[in-house]
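For reference, the structure is listed below as structure tokens.
Reminder, nothing fancy here: chain letters follow the sequence lines and each chain counts from 1.
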2 protein chains.
Amino acid sequence: MNMDVIVSHINSYVSLNEEEVRALSSALISKTIKQGELIVESGEPARYMIFMNAGYVMTYYTDKEGFDHVIQFASTGWWSGDLYSLSENVPTIYSTRALSAGEVLLFPKAAQDQLLDKYPKFERYFRILFHNALMRLQFRIIENYSATAESRYLSFRERFPGMEQHVSQKHIASYLGITPEFLSKIRKKLQQK
Amino acid sequence: MNMDVIVSHINSYVSLNEEEVRALSSALISKTIKQGELIVESGEPARYMIFMNAGYVMTYYTDKEGFDHVIQFASTGWWSGDLYSLSENVPTIYSTRALSAGEVLLFPKAAQDQLLDKYPKFERYFRILFHNALMRLQFRIIENYSATAESRYLSFRERFPGMEQHVSQKHIASYLGITPEFLSKIRKKLQQK
DNA sequence: GTAAAATCTTAACCTGGTTCAATATCTTTC
DNA sequence: GAAAGATATTGAACCAGGTTAAGATTTTAC
């Protein structure tokens, strides 16, 4: 199993010793993903946090009318997964789908709990991880309030370089909270500039 | 200093022993607040996390045109403060203002770092705290995308019972991301039902 | 206790973004 | 490589929510 990406990610916050790397390694499950594959399906309780070793995925939920709403993209070096479902053990409302071939590391809830109990360094890592995610999300909320759809689109392209090639326009529109038709108009307008 | 609220909050996640409570207690600074008082002013680096012992506060940022945008309310038992400014040591863009008389506990950054180093239990507490805040914020993002202003207003009233009496309509409107005029229309419509 | 300031309401008009429907393009699949 | 299905574009009608401005009500300050 290729541990390079995750270990260097974790080491940017805390510094793991050999034993901790080994413990982490034996907790993780590597999984190759194919383009279009459903990694997590809504309706069952989430069992893993998902770390991207390579490739792109998106997480979305499907409303009562059957429309998908994309709430997150993730690429190499990012975590994904439904924290709420994981911790409360309720069925997740989100599905996660591969947008390209790649590899993910699955981190089962039980193994995570064990690791957290045994090695306080992981407590610290996840504290900082959640802390940072929280800051980013706060920023996104502000952005959503104050910015227009066009500028949100531009900032999507900045924040997820390369992602646009892998995602259909309708999913980008969904992530931005607008209709595909309107995104189409925005792109046309931007080209003319 | 009244430690009841904060200790019982923390004990709902981890279980503090006497020494830990003592250490926490000596790290905190109690401050009485008056209605309308500015607790944190934007422009200076944030130095504290803020725990509400009693009363109500709101956090907002002021844009280039001078308009305030409310991003958070907090009442008894909630944390407030700018995590980004605290951790990156940059000037905060948010101001925090008391909406009623009350009491806050200020938790200085340096003291927090010390506590985290010495007592892993606090790592765990903050890991869970941030984790939960993250879940709530994810939910709020979905809500903002899919729900109409009217239903966001209704869900504001549910989530912050009693808050409406302390906050001016224009600040509620700001929190909901709409104009005060439009909130006025919504309220009128709801009354007629 | 009254004047000034702030907040709230109402109404007419405006705009960013949606809906629907028709056409065009790109992908699959056999 | 043709047919079918998905995805993207365009345009017209429409709607949620914004803007502006004026009046009504409440709060604040002296």
Among dA21(C), dG17(C), dT18(C), the one nearest Glu181(A) by side-chain distance: dA21(C)
Cation-pi, Trp79(B) ring and Arg136(B) (6.0 angstrom, 45 degrees): no
Nucleotide of dT10(D), dT10(C), dT9(C) approaching Arg187(B) most closely (side-chain heavy atoms): dT9(C)
Geometric class of the Phe156(B)/Tyr153(B) ring pair [parallel <30°, tilted 30-60°, perpendicular >60°]: parallel
Where Leu86(A) and Lys109(A) come nearest, the two heavy atoms and their spacing: O-CE, 3.3 Å
Rounded interatomic separation in angstrom, taking NZ from Lys188(A) and P from dA24(C): 14 Å
Geometric class of the His9(B)/Tyr125(B) ring pair [parallel <30°, tilted 30-60°, perpendicular >60°]: perpendicular
Distance in angstrom units between Ile186(B) CD1 and dG18(D) C1', rounded: 12 Å
Atom-to-atom span, CG of Leu99(B) to P of dT7(C) - whole angstrom: 12 Å
Atom CZ of Arg140(B): over 12 foreign heavy atoms under 6.0 Å: yes
Atom pair distance, as rounded to whole Å: NZ in Lys170(A) and P in dC26(C): 18 Å
Hydrophobic cluster membership, Phe130(B) vs Ile10(B), 4.5 Å side-chain cutoff: yes
Nearest-angstrom distance from the residue atom CG of Leu183(A) to P of dA8(D): 9 Å
Toward the 5' end of DNA chain C, by each residue's nearest nucleotide, Phe182(B) or His171(B): His171(B)
Pairwise 5' ranking along DNA chain C for Lys185(B) and Pro180(B), keeping only the more 5' one: Pro180(B)
Sugar-phosphate only, base, or nothing, as touched by Gly36(B) at under 4.0 Å among non-hydrogen atoms: nothing
Nucleotide of dA8(D), dC8(C), dG16(C) approaching Ser168(A) most closely (side-chain heavy atoms): dA8(D)
Integer-rounded Å distance: dC15(D) C1' and Glu150(B) CD: 15 Å
Terminal axes of the helix from dG1(C)-dC30(D) to dC30(C)-dG1(D) (five pairs each): angle between them, nearest 10 degrees: 60°
Check: Trp78(A) and Gln72(A) side chains under 4.5 Å, non-hydrogen atoms: no
Gln165(B) vs Tyr56(B), side chain to side chain donor-acceptor pair (under 3.5 Å): CA-CA, chis, key distance, verdict: CA-CA 10 Å; Gln165(B) 280 70 39; Tyr56(B) 298 90; over 6 Å; no
Nearest-nucleotide pick for Thr148(B), side chain only, options being dA11(C), dG17(D), dA8(D): dG17(D)
Distance in angstrom units between Ile178(B) CD1 and dT19(D) C1', rounded: 14 Å
Nucleotide of dA8(D), dC8(C), dG17(D) approaching Gln169(B) most closely (side-chain heavy atoms): dC8(C)
Whole-Å gap separating C1' (dT7(D)) and CD (Glu164(A)): 15 Å
Sugar-phosphate, base or nothing in reach of Thr179(B), heavy atoms under 4.0 Å: base
Per Ser184(B) side chain, nearest of listed nucleotides dT18(C), dT9(C), dG17(D): dT9(C)
